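Just so it is clear, the model here is predicted, and its values are computed rather than measured. Residue numbers begin at 1 in each chain, while the letters A, B, ... track the order of the sequences.
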2 protein chains.
Amino acid sequence: MDESYRPAAGRSNQANESVTLEDVARLAGVTAMTVSRALKRPELVKEETRQRVLDAVQATGYVPNMLAGALATNKSHLVALLLPTIATSIFTDMVQAMMSTLAASGYQTLLGLTDYLRDREEQIVQTLLGRRPDAIVLTGTDHSAITRDRLLKTKVPIIEIWDLTDDPIDMLIGFSHEAVGRAVARHLLDKGYRRFAVLSADDPRGLRRSGSIVEELKRHGVHDVPMEVLRAPATLQTGREGLVRLLEKGLPDVIACSTDTLAQGVLAEAARRGISIPREVAVMGFGDLSTAAHVHPALSTVRIDGAAIGKLAAEALLRRLDGKEQAPAALRVDTGFTIVDRESA
Amino acid sequence: MDESYRPAAGRSNQANESVTLEDVARLAGVTAMTVSRALKRPELVKEETRQRVLDAVQATGYVPNMLAGALATNKSHLVALLLPTIATSIFTDMVQAMMSTLAASGYQTLLGLTDYLRDREEQIVQTLLGRRPDAIVLTGTDHSAITRDRLLKTKVPIIEIWDLTDDPIDMLIGFSHEAVGRAVARHLLDKGYRRFAVLSADDPRGLRRSGSIVEELKRHGVHDVPMEVLRAPATLQTGREGLVRLLEKGLPDVIACSTDTLAQGVLAEAARRGISIPREVAVMGFGDLSTAAHVHPALSTVRIDGAAIGKLAAEALLRRLDGKEQAPAALRVDTGFTIVDRESA
DNA sequence: CTGTTAGCGCATTCAC
DNA sequence: GTGAATGCGCTAACAG
């Protein structure tokens with residue numbers, strides 16, 4: 001008989017116990033291709049056979065192997081998301097929004113944490129590229145030369161978020177940290193504060209915000225603003241320490257913090273010391289919209305809309321990936337920020 | 001000449017522009033197999049050719065395709081991590097610890113957010129299984145029947161974390177939420193409080209902690225403890241709302257919250273209303289060790305060590321995956337918790 | 001509407 | 001030390 005057929009004899013205990021298309025096909029009395037179609041393009045398959053296939057899938061507990069699928073189609077349905085850290089609440093809204101938008105379109109998220117380290121980012125980009133993600137999201141715009149290079153060569157859509165720059169790798173969605181700093185300085189000056197202090201985590205963007213506050217103050221004739229820089233990621237504990245150190249330099253009118261978390265730490269320590277906020281010292285924070293909403297009635301803060309960034313980014317990617325948009329003009333969105341003043345709210 | 005060689009003519013513009021082993025091999029004047037060896041098992045390759053290969057890799061910008069690698073070896077080096085949400089700080093330490101431990105051994109993390117929904121979890125498990133992860137980490141032990149079933153059939157190592165149960169799917173690392181509730185109740189009773197109130201988010205484990213507090217109080221003769229249940233995930237804002245609602249029922253001695261975040265919201269609202277903490281009302285929280293350390297000098301809380309859970313889980317998985325341990329006795333770890341009393345600290 | 005052929009990129013298993 | 005053959009599980013492209 002037909003010896004060219006080798007009816008899968010003796011393959012029963014392969015190392016890999018997983019059910020394949022072939023297995024389902026055999027049970028349904030069709031070929032693998034038909035099973036594949038029944039699952040992915042049901043409209044191409046007769047209703048009756050489709051039913052048989054579905055039953056077979058059910059019976060075998062078949063779960064499509066997306067590794068194989070991705071290899072064959074050159075589409076992984078994976079998005080790589082690089083984040084400095086999740087130990088700070090600042091990014092969580094963004095992540096949540098992005099992931100759920102992506103998930104709704106069948107994309108999964110591969111996470112990489114860089115710890116604010118360029119070298120780490122470089123290494124993670126390298127490994128994540130090995131997964132052939134359909135898109136890459138980077139937090140920030142400051143990357144190692146090698147990272148930039150690798151990414152520029154790639155055809156995968158890339159979005160840098162959470163910052164602005166004149167030469168993005170590809171798409172860009174964020175806001176200007178310098179603008180935030182300047183706005184904070186002017187806002188506080190307008191409110192009549194004169195004795196300033198700045199508390200900052202030592203992450204690159206936090207430092208830029210804080211630095212811009214100091215510069216803008218200088219431009220308005222306020223010099224020698226005391227500034228304490230603390231190790232990122234910012235925690236409540238470091239915020240408390242920060243206040244302690246600032247107080248050694250005298251009591252200011254207002255303390256501008258690079259992050260809401262630091263600001264909360266300051267509030268906690270102030271409470272312990274019986275310092276009244278904002279009567280004796282006002283506190284200004286910076287952070288994400290919803291998570292930290294209503295942090296404290298006495299805390300003024302700069303609000304950015306992380307969820308919006310995440311959603312916008314995801315949508316831009318999906319537009320590109322679904323082929324609606326082939327090589328769009330470089331997307332660039334300034335999502336801006338809002339100063340929330342508790343006293344005048 | 002040698003016509004059996006088909007020097008890759010006309011393949012220049014495949015859909016997929018990516019460099020393959022073959023491309024590197026050609027440039028280095030060896031076969032793909034040798035390149036593969038030079039990269040993964042360098043000791044099997046002559047130093048000189050290894051160097052040539054490495055140069056070729058450099059020149060071409062080759063990045064190994066892990067989809068193909070995973071398909072061939074049936075090892076994805078991927079760990080699926082299912083989490084209710086990251087919008088709340090409670091899990092962040094755990095995630096950070098787990099991811100960095102895994103990353104150090106070359107494993108990447110695929111994240112799935114369930115929003116505390118069993119059906120969502122079911123769906124996510126299904127899709128993530130398609131990536132053929134080498135291990136799966138689930139938060140909690142309460143899964144849909146289908147999820148349990150699918151997971152029991154799989155040979156992939158599975159760890160359930162953040163809870164305890166008598167019939168884990170596989171490995172288990174966590175603590176008892178009932179024990180937490182009972183301990184909180186007894187602790188507060190010992191300290192002399194008599195007029196209790198409970199504030200809880202409506203996530204399953206939070207409810208169990210809060211429920212256990214109420215039960216234990218009842219067992220000690222304290223009945224009719226007012227309890228407000230708020231929508232998960234808990235935010236500062238919901239914490240503030242919670243206090244408002246509780247106050248309508250009268251001022252208690254102490255408020256036990258299902259989460260530090262809720263507790264902080266209570267503190268913020270209390271500050272706004274000029275209620276002195278802990279003099280007029282004491283507040284008790286629950287949360288993760290390091291992130292929220294020193295939340296507030298006046299806040300007592302139950303501490304769990306999320307980082308430890310993450311690290312333990314990752315290490316247990318790695319032990320299994322690296323083959324040191326084939327079919328170990330079921331791992332079961334109670335990581336316990338600590339009551340931190342601010343007044344007596 | 002369904003089947004056949006071929007190949008995605010890599011690694012295992014023999015040869016040499 | 002290195003090469004050749006083969007297959008991982010799936011799907012594009014073409015037949016019929």
- Query: Please give, in whole Å, the distance from D:dT2 P to B:Glu48 CD?
  - Reply: 8 Å
- Message: In this structure, how many angstroms lie between the C1' atom of C:dA11 and the NE2 atom of B:His77, rounded?
- Response: 12 Å
- Message: Is there, by distance only and without an angle test, a donor paired with an acceptor across the side chain of A:Arg37 and the base of C:dG3 below 3.5 Å?
- Response: yes
- Length of the CZ-P vector between A:Arg132 and D:dC10, whole Å: 21 Å
- Do you see a donor-acceptor pair shorter than 3.5 Å between the side chains of B:His77 and B:Gln108? no
- Based on Watson-Crick and G-U pairs with both distances under 3.5 Å, what dot-bracket line describes DNA chain D 5' to 3', crossing pairs as [ ] and inter-strand pairs as |? ||||||||||||||||
- Task: Report which part of the nucleic acid B:Leu71 touches: base, sugar-phosphate, or nothing (heavy-atom distance under 4.0 Å, all strands).
- Result: base
- Can you name the one residue among B:Glu121, B:Arg148, B:Arg118 that meets side-chain hydrogen bond (donor to acceptor under 3.5 Å, both in side chains) with B:His143? B:Glu121
- Between C:dT2 atom P and A:Met33 atom CE, what is the distance in whole Å? 12 Å
- Message: In this structure, how many angstroms lie between the C1' atom of D:dT2 and the CZ atom of B:Arg41, rounded?
- Response: 14 Å
- Message: Under 4.0 Å between a side-chain nitrogen and a carboxylate oxygen: does that hold for B:Glu122 and B:Arg120?
- Response: no
- Message: Please determine whether a side-chain nitrogen or oxygen atom of A:Thr49 lies at a distance below 4.0 Å from atom OP1 or OP2 of C:dT2.
- Response: yes
- Query: Does any N or O in the side chain of A:Ser76 come within less than 3.5 Å of the main-chain N or O of A:Arg132, such that one atom is a donor and the other an acceptor?
  - Reply: yes
- Query: Any chance the side chains of A:Asp149 and A:Thr147 put a donor and an acceptor closer than 3.5 Å?
  - Reply: no
- Toward the 5' end of DNA chain D, which comes first, B:Ala32 or A:Leu67, by nearest nucleotide? B:Ala32
- Message: With a 4.5 Å cut-off on side-chain heavy atoms, are B:Glu160 and B:Ile136 touching?
- Response: no
- Message: From the set C:dT2, C:dC10, D:dG9, return the single nucleotide nearest to any side-chain atom of A:Thr34.
- Response: C:dT2
- Message: As a test of reading the structure: which of D:dT2, C:dA11, C:dG3 is closest to the side chain of A:Val30, going by heavy atoms?
- Response: C:dG3
- Query: Of the nucleotides C:dG9, D:dG9, D:dG1, which one has an atom closest to the side chain of A:Ala72?
  - Reply: D:dG9
- Can you tell me the distance, in whole Å, between the CG atom of A:Leu39 and the P atom of D:dA12? 13 Å
- Query: Are any of A:Thr31's side-chain N or O atoms less than 4.0 Å away from OP1 or OP2 of C:dG3?
  - Reply: yes
- Task: Please state how far atom CE in A:Met66 lies from atom P in D:dG9, giving the value in whole angstrom units.
- Result: 16 Å
- Find the distance B:Glu22:CD to D:dT2:C1' and express it as a whole number of Å. 14 Å
- OP1 or OP2 of D:dC10 sitting under 4.0 Å from any side-chain N/O of A:Ser36? no
- Task: Could you tell me whether B:Lys311 and B:Asp93 have a side-chain N and a carboxylate O separated by less than 4.0 Å?
- Result: no
